[in-house]
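So the structure is just underneath, and the comments pick up after that.
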Amino acid sequence: MTTTTAPTTGERDLGPQARRPHPEPERRPRRRRRSKHRAVWEEAPGPVGFTVKAVVLAAIVLVVLFPLYTILLTSVSTQADITRSGGLVVVPGEFTLSAYQQILSGGIVTRAAIVSVVVTAVGTLLSTVVSTLAAYGLSRPGSFAHRPLLFVLLITMFFGAGMIPTYLLVSALGLIDSYWALILPTAISAFNVLILRSFFMGIDSAITDAARIDGAGDWRILGRIVAPMSKAAIAVVALFYGVGYWNAFFNAMLYLNDNAKWPLQLVLRSYVLQGVTLPGSGVGQVDVATGAVTGLPVKMAVMVLAVIPILLIYPLVQRHFTKGVIFGAIKG
Amino acid sequence: MSAETTTAAPHGQKSGAAAGAVPPAPPTRKIPWYVRLRRDRSLILMTLPAVILLAVFAYVPMAGNVVAWQDYSPYVGILDSPFVGWWNFERLFANEAFWHAVGNTLLITGFQLVFFFPVPIALALLLNSVMTPRIRTAIQSIVYLPHFFSWVIVVTIFQQMFGGAGFVAQRLAEQGHSGFDLMTDPDTFLLLITAQSVWKDAGWGIIIFLAALSTVDPALYEASVMDGANRWRRMWHITLPAMRATIILLLILRLGDALTVGFEQLILQRGAVGSDASEVIDTYVYYQGVVNGDWSFAAAAGLLKGVVSLVLVLGANKLAHLFGEAGVYQKA
C-alpha cells in the first residue's frame, strides 16, 4: 500500500467491488485503516494527502455555511449583542424574535412576502403543468408536426428576443403593474421542457403501448402512467421554476412601477442592499454614537425570510438531483 | 385506432434521443398527414399552450426587433414610427460607451473562463475522491445550495461580509485599519464578481461532472492499477478523459454566452461600484432603453448581441464537430 499524497479518483461506481469481502486473512491488520467503501485496488491516502483533502473540504463547507450562520444568528440577536460585536454576531448571545415580529406584523415586508408566495405558487403551477403537457406532446418522434414544434421550442434556447422588444410587448399588452408580467414572459423554459421530454422518452414504450391497447388515450396515459412514473423529474422541474419565480427581481423592477406591489426580492434590494430606510422600522439608520447600523436584525430577518422557502423545499427535492434527471437533459 | 397507432409510431425510444438533436424520423411517410393529424390530435393539443406562450412572449418580441430600424416613440407606437434604415446601428458603432460595455463584457467573460470555469472541475475531482458516501452526499448538498439563492441574496451576503460595514471591515477596524470596502472598489470589482459567481454556482457546476464520472467503467481503473498506474496517472488517463466531452460541451455553451455576463448580479452593484467597471452590454441596453428612453438605439444593441451570440454558439458547435466531439446538437 503505497502512500502517495494526493486525492484522486473515486470509486463511487465500485459498489460491488467495495463490498466484496477481503480474501486474504494475512492482510487483516491493515483492514483497520481500510475504508469499507474503498476498492480493493485503491491505495489509502497518505496522512498528508488525507489532511490536505479534509482541510480543503472543511474550508469549502465553512465558506458556504458561515455567512448563513452569522446572518441567521444576527437576525435573532438583541441590539445590545450586535452593538457589542460591532455588527454581525458570531457568538450566540441573547435570543429574541423581535425582528421577525417587526417585519411580519403587517407593513411592507409582510405584503411583499405574500406577493412573492402567490406569484411563485401560481407561476410554478402554470409553468409545470404547461411544460409537462408540452414535453409529453413532443415525446413521440414521428407524430404530426413533431419536428416543427420541437424547433419552435429549441430556437428559443439559442436566440432570445432581447429586453427592449419584450418590454414593449408586455407594455403593449397592458401588463405593466400586473403580476402576470412576472409570470407569463418567463413561463416556459425550453430547457425544462427538454428535461421532462427526455425523461418521458426514457419510459419503456411497452408500458404505454399496453395502456393504449387497453383503450387509454394520450390524456389518460399521461395522467395515470407517465406523470406518476416521472414524479422525480417533475419535482425537479417544478423546483427550477419555483426557485426562478421566487428569486426573480429584475422583471419586477422592470414591469412594476408601483412599489406597493413589490415582491420580497425587490424589497430586499432596496431596504437591505441599498440601505433605503424602511418606513417605521429604523432599518438603515446609522447610530451616531456607536457608528453601528441599527436595525441590523431586521435586515437580516428579511434575508432569512427570503431564503427560508428555499431551505425548506430544497431538501425534499435535492435527492432527485440524480444523474438520471439532470444529465439526461444536459447531455442533449 | 389503437392498433394503428402502435404500429405507426415507435414511441418511447429507450435510447432517450438527445434533446438538442432531432432524432431520425421514423418511417411514417406512408400514412397520409390527415390521418396522422387525427391520430395525434391530443398530442398537438397538449403542446399548444406552450407553443402559444412561446409565440406571444418569445416570437412576437423577436419580430418586435424591427424597432431597431425605426425611430421608435412610445407615443406613436410601433406601427407608425418612421423607419430610419441603419441609423441606430451607425450610432451604436460610433458610440464609445457601447464599446466600453463590450470591452467590459469580454473582460469579465475571459476572466471567469480562467478563474471560474476550472473550479467545478477541480471540485468534482476532489469530491469524487471522497470515499465515504455519507460525507460525499452531505458535502454535495451543502455546495449545491447557494445556486438556489437569488442574486439579491448573494450580493447582500457579500456586502455583509466585505462591505464598508461588513464583517471583514469590522475585524479590520478592531485592528485599527479603516476604510475597507470591497463593494465600492472598481479596481477589485472583477475579482469580487468572480468570487460571487464561484460562491453561488461553482458547487452546482460539479453536478454534471459527477454525472460524467459515474459512467466510467471501474474495470478501467482496475486494469490500470494492474499496469502499475498510480493515482495521478489514473486521473490523467482515465478520469479526465471521461470528463472531456462534458468540459467541451460546457465550453461551447459558455462561448455562446460570451456576451452574457451576470446581468442581475451586475445591475445590483452598478450603483455602488460605478458604471465604469460594471457596465456590460445587457446593463447598457437597459439604461439606454428603459431608463433613457432611447428605445430603438437600445433595441439595436440588444439585437446585435443576440445575433452575435447565435453566431458564436453555432460556430463553437461547428468547431467541436471538427475536433470530433459531439457538441451541443447534431445535424438531424
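Convention: sequence-line order gives letters A, B, ...; per-chain numbering from 1. Only heavy atoms go into these numbers, but all of them, side chains included; no hydrogens, no water, no symmetry mates.
In terms of heavy-atom pairs under 4.5 angstrom with chain A, the leader among B:Ala63, B:Ala173, B:Pro61 is B:Pro61. Between chain A and the residues B:Gly302, B:Pro49, B:Pro146, B:Pro133, the most heavy-atom pairs under 4.5 angstrom are made by B:Pro133. With chain A as the partner, the residue from B:Val60, B:Val285, B:Leu268 showing the most heavy-atom pairs under 4.5 Å is B:Leu268. Interface summary for chain B: among A:Thr132, A:Val307, A:Val61, the most heavy-atom pairs under 4.5 angstrom belong to A:Val307. Of the listed residues (A:Val130, A:Val243, A:Leu153, A:Val64), the one with the most heavy-atom contacts under 4.5 Å to chain B is A:Val64. Heavy-atom pairs under 4.5 Å with chain B peak, among A:Tyr136, A:Trp246, A:Phe159, at A:Phe159. Chosen from B:Leu54, B:Leu53, B:Leu37, B:Leu310, the residue pairing most often with chain A at heavy-atom distances under 4.5 Å is B:Leu37. Of all the listed residues (B:Trp33, B:Trp151, B:Phe158), the one sharing the greatest number of non-hydrogen pairs under 4.5 Å with chain A is B:Trp33. Contact count against chain B (heavy-atom pairs under 4.5 Å) is highest for A:Leu184 among A:Leu184, A:Val56, A:Leu173. Comparing A:Leu168, A:Leu65, A:Thr70, A:Val193 by how many heavy-atom pairs each has under 4.5 Å with chain B, the most go to A:Leu168. Most heavy-atom pairs under 4.5 Å with chain B: of the set A:Leu68, A:Thr74, A:Leu266, this distinction falls to A:Leu68. The greatest number of non-hydrogen atom pairs below 4.5 Å with chain A, out of B:Ser42, B:Ala55, B:Gly64, is found for B:Ser42.
Distance CD1/B:Ile142 to CD1/A:Ile60: 11.0 Å, rounded to 0.5 Å. Put simply, CG on A:Leu254 and OH on B:Tyr286 are 6.0 Å apart, with the number rounded to the nearest 0.5 Å. To the nearest 0.5 angstrom, A:Met303 atom CE is 8.5 Å from B:Phe149 atom CZ. Taking CG from B:Asp40 and CZ from A:Arg140, the interatomic distance works out to 6.5 Å, rounded to the nearest 0.5 Å. To the nearest 0.5 angstrom, A:Ile164 atom CD1 is 10.0 Å from B:Asn65 atom CG. Note that CD1 of B:Ile267 and CZ of A:Arg269 are 8.0 Å apart. Values are rounded to the nearest 0.5 Å.
A:Leu88 touches chain B through backbone and side chain together, each having a heavy atom under 4.5 Å away. If you measure heavy-atom distances from A:Leu311 to chain B, the contacts under 4.5 Å come from the side chain alone. Proximity to chain B involves both the backbone and the side chain of A:Leu268, based on heavy atoms less than 4.5 angstrom apart. Contacts between A:Leu264 and chain B at a heavy-atom distance below 4.5 Å are absent for every atom of the residue. Both the backbone and the side chain of B:Tyr144 come within less than 4.5 Å of a heavy atom of chain A. The part of A:Tyr314 that comes within reach of chain B is its side chain, from C-beta onward, which places non-hydrogen atoms under 4.5 angstrom from that chain. Neither the backbone nor the side chain of A:Met157 comes within contact range of chain B; no heavy atoms are under 4.5 Å apart. Interface remark: A:Tyr167 contributes side-chain atoms only to the contact with chain B (heavy atom separation under 4.5 Å). At a 4.5 Å heavy-atom cutoff, the contact between A:Val90 and chain B is made by side-chain atoms alone. Only the side chain of B:Val225 comes within contact range of chain A, judged by heavy atoms closer than 4.5 Å. For B:Trp199, the part sitting under 4.5 Å from any heavy atom of chain A is the side chain, from C-beta outward, and nothing else. For chain A, the nearby parts of B:Val307 are the backbone and the side chain; heavy atoms of each come within less than 4.5 Å. Neither the backbone nor the side chain of B:Gln269 comes within less than 4.5 Å of any heavy atom in chain A. Contact of A:Ala187 with chain B is made through the side chain alone, with heavy-atom distances under 4.5 Å. Of the atoms belonging to B:Val155, heavy atoms from both backbone and side chain fall under 4.5 Å from chain A. Using a 4.5 Å cut-off between heavy atoms, B:Ser141 contacts chain A through both its backbone and its side chain. Heavy-atom distances place the side chain of B:Val67, and not its backbone, under 4.5 Å from chain A. In this structure, the portions of B:Gln160 lying under 4.5 Å from any heavy atom of chain A include both its backbone and its side chain. Proximity to chain A is limited to the side chain of B:Leu123, based on heavy atoms less than 4.5 angstrom apart. For A:Met163, the part lying under 4.5 angstrom from a heavy atom of chain B is the side chain only. Contacts of B:Ile78 with chain A are absent, with no heavy-atom separation under 4.5 Å from either backbone or side chain. When heavy atoms are compared at a cutoff of 4.5 Å, A:Val152 approaches chain B by way of both its backbone and its side chain. Of the atoms belonging to B:Gln159, it is side-chain heavy atoms, and not backbone ones, that fall under 4.5 Å from chain A. Interface residue B:Leu127: only side-chain heavy atoms are found under 4.5 Å from chain A.
Two rings, from B:Phe167 and A:Phe66, have their centers less than 6.0 Å apart.
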Does B:Thr156 form a side-chain contact (heavy atoms from CB on, under 4.5 Å) with A:Ile71? I'd like the steps, not just the answer. CA-CA 10 Å; B:Thr156 310; A:Ile71 285 166; over 6 Å; no

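Remark: side-chain polar atoms of B:Lys305 are not paired, donor with acceptor, to backbone N or O of A:Gly162 under 3.5 angstrom.
Within the 4.5 Å cutoff, the side chain of A:Phe144 has no heavy atoms near those of the B:Arg38 side chain. Put simply, the side chain of A:Leu133 does not reach to within 4.5 Å of the side chain of B:Thr47, judged on heavy atoms.
Using the six-membered ring where Trp is involved, A:Phe240 and B:Trp204 have ring planes that are perpendicular, over 60° apart on the 30 and 60° scheme.
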